[in-house]
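Order of the sequence lines fixes the chain letters, A, B, ..., with proteins taken first and strands second; residue numbering starts at 1 for each chain.
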Amino acid sequence: MNGRGSVLLLTAPALVLMAVFLIGPLLAVIALSFTSYQLGAPSLSFVGMANYIEMTEDATVRISLANTLIYVGVVVPVSVGLGLGAALLIEADPSLRGFYRASYFLPVMATLIAMAIVWEFMLDARFGAVNMLLRAMGLGPYDFLHDRKLVLYTLAGIGVWQNVGFNMVLFMAGLTAVPRELYEAAAVDGAGRGFERFKLVTWPMLGPVTLFTVVITAIRAFQVFDTVKVLTEGGPNKASEVLLHTIYAEAFNFFRNGYAAALVVVFLLFIMALSAVRLFVLGRSRT
Amino acid sequence: MLVETQARGAVRIDGLAKRFGDTTVLDGIDLDIVAGEFVTILGPSGCGKSTLLRIVAGLETETAGSVSIDGAPMKGLAPNARDIAMVFQSYALYPHLTVAENIAVPLRMRQLTPMQRLLGLAPRAVRGSIGAEVQSVAAMLRIESLLPRRPAQLSGGQKQRVALARAMVRRPRVFLMDEPLSNLDAELRVHMRAEIAQLHRQLGATFLYVTHDQVEAMTMSDRVAVIMGGRLQQVASPDVLYRDPDTLAVAQFVGTPRINVLAGGRLGLQAAQVAVRPERLQAHGLGLAPPPQAGQGIEGRLVYRENLGSDLFLHVEVPGVPAALIARADPAAGETFAIGDRLVLAVDPRHVLSFDAAGKRIRP
């Protein structure tokens with residue numbers, strides 16, 4: 001067997017799996033987005049750009065896109081910032097490091113649907129722990145999940161809670177990669193502690209990790225679905241409607257799969273743009 | 001402008017000890033360093049020499065004892081308050097800053113307020129003076145052309161120079177160097193050795209230099225402090241260290257090839273162990289040279305000739321001695337010896353160093 005033949009033979013399983021499970025479905029979705037396909041319908045017809053044009057006029061899509069962007073805009077900076085803070089604090093004092101690391105990481109491993117139900121109890125307007133606490137302080141009650149002004153930020157709060165631990169672990173890995181001698185050089189130069197040290201050594205050395213964390217968190221935040229589905233179904237009155245939930249509703253409540261496919265394509269473009277930002281910035285910093 | 005005429009930077013280390021839990025890294029170190037002196041701390045890896053330097057720098061706290069510089073106790077002082085500069089083995093340059101910015105860091109930290117640093121604003125006069133100092137240090141080390149570059153674009157030798165420049169720019173009383181040449185290739189190391197020694201003469205500051213490389217210690221220093229197993233073995237000039245070591249361990253650590261060690265009885269001496277430098281052993285072919293005096297000659301067989309051009313080292317296997325003895329010979333004269341030849345090594349008794357069973361020197 002010659003070299004080329006064996007290369008093909010050995011990569012074939014992976015190539016076939018990729019084609020069947022990744023590229024194939026993707027092409028199918030793109031193709032569907034130009035049709036009027038409905039789940040279970042015996043036939044479908046080509047409608048060109050009609051789905052995409054409808055999208056621009058669809059108020060639900062507009063609200064859902066705006067909500068998703070707000071959600072991402074809250075979750076990314078807050079969870080990245082808190083993750084970095086937690087990592088710095090845990091690294092600063094080795095005692096109980098394992099305990100803190102495990103407890104912050106717990107929400108990442110927990111099944112979000114189950115956790116969402118716990119949050120529902122906690123956030124209940126009358127019996128929830130959160131409102132009882134607020135009442136003790138003379139505040140509230142707030143109906144976090146049914147108040148149009150609050151619901152999106154409540155979901156964002158849960159999103160932050162879920163992402164902080166993951167970001168913390170990424171930052172802790174980044175911190176261990178900072179050479180000890182750099183901290184010592186900073187100490188000799190007069191930037192041995194606190195903010196000066198952070199500014200001179202820690203933050204610049206964490207640059208690549210921070211970028212990675214921001215992009216990963218943004219992608220995860222864009223994909224918010226579980227909490228919305230379980231807690232609000234996008235309500236009240238679409239105040240917590242997000243992109244993935246809209247897609248789900250179009251495809252499996254209204255069976256408008258062609259339209260949903262077009263939404264998926266738009267959604268994928270967002271994700272790809274985020275990944276491209278990361279590739280672009282990393283590529284630039286290497287040269 | 002950077003040349004200091006008035007010597008300052010006398011370092012006094014008194015009964016210094018460092019323990020990590022149950023492990024004692026340093027024990028009872030006393031060392032007095034004169035202002036302007038170049039002292040090398042020499043020892044095998046893991047002997048505690050770096051820890052000693054880091055304690056002087058304030059990066060590590062002593063368990064017992066004290067360090068003072070120019071009479072002022074350093075206890076509890078942060079590294080930057082000690083008026084020292086340190087050059088690290090890995091150079092420890094800030095990768096995101098240019099060479100000029102790297103060199104300017106100690107000056108910015110000292111001359112600007114936190115608010116000015118945060119906003120990147122500096123009074124024009126201060127900015128000008130920092131720029132001028134960076135320029136003058138860069139000129140001294142001939143790295144002006146590198147100033148706009150980043151550390152990733154520099155070779156090892158260039159990084160080393162930048163690290164030196166960052167240390168020099170603050171005009172410290174004491175320079176601390178932790179194996180600064182060990183990441184360089186052999187040729188560059190020889191070159192930088194000369195350059196650092198010259199820098200020391202120019203600056204007149206105290207240099208405290210840590211290395212495991214005895215050649216660096218021997219060629220650069222005024223005095224060498226040999227540390228082994230956390231204890232100071234001997235502090236002396238390179239010459240004395242070589243000729244007149246206090247312990248067998250020092251005698252063996254200093255000098256290449258290693259000093260020859262024999263049981264004292266071999267040379268008819270009372271001492272438990274005796275040691276002779278290779279250049280103090282004279283090789284004679286059996287039968288050709290006049291027979292050596294009884295008791296001062298060692299008979300053996302030539303097993304290896306190590307010809308370095310300027311020197312020829314003869315490795316001679318002697319029955320009952322574990323390691324082959326090494327004798328230096330003139331390469332021209334050594335031509336007559338062939339591997340397998342039987343030789344007699346003659347020893348001049350004046351150059352035999354005697355040690356007791358514990359390895360302590362017995363002086364006549």
*At their closest point, which heavy atom of A/V188 faces which heavy atom of B/A85, and how far apart are they?*
CG1-CA, 4.0 Å
*Would you find a donor on one side and an acceptor on the other, under 3.5 Å apart, between the side chain of A/E181 and the backbone of B/A92?*
no
*chain B heavy atoms under 4.5 Å from A/F195: which part of the residue, side chain, backbone, both or neither?*
side chain
*asked:* Between B/D178, B/L93, B/I84, B/L59, who has the most heavy-atom pairs with chain A when the cutoff is under 4.5 Å?
replied: B/L59
*Within residues 198-223 of chain A, which positions have a heavy-atom distance to chain B below 4.5 Å?*
A/K199, A/L200, A/V201, A/P204, A/M205
*asked:* Quick test of your reading of the model: are B/R166 and A/D189 salt-bridged, counting only N-O distances below 4.0 Å?
replied: yes
_Is B/P172 in contact with chain A via its backbone, its side chain, both, or neither, using a 4.5 Å heavy-atom distance?_
neither
_Strictly distance-based, threshold 3.5 Å: is any side-chain N or O of B/Y94 a donor or acceptor partner for the main-chain N or O of A/A186?_
yes
*Rounded to the nearest 0.5 Å, what separation is found between the CE atom of B/M109 and the CD atom of A/E196?*
4.0 Å
_Heavy-atom pairs under 4.5 Å with chain A - which of B/Q89, B/R110, B/R82, B/R108 has more of them than the others?_
B/Q89
*Verify the neighbour count for atom CZ of B/R193: are there more than 12 heavy atoms of other residues, nucleotides or ligands below 6.0 Å?*
yes
*Should we count CZ of B/F20 as having more than 12 external heavy atoms under 6.0 Å?*
yes
*More than 12 heavy atoms of other residues, nucleotides or ligands under 6.0 Å from OH of A/Y100: is that the case?*
no
*Would you say A/Y183 has more than 12 foreign heavy atoms packed within less than 6.0 Å of its OH?*
yes
*Counting only heavy atoms not in A/M109, do more than 12 fall under 6.0 Å of its CE?*
yes
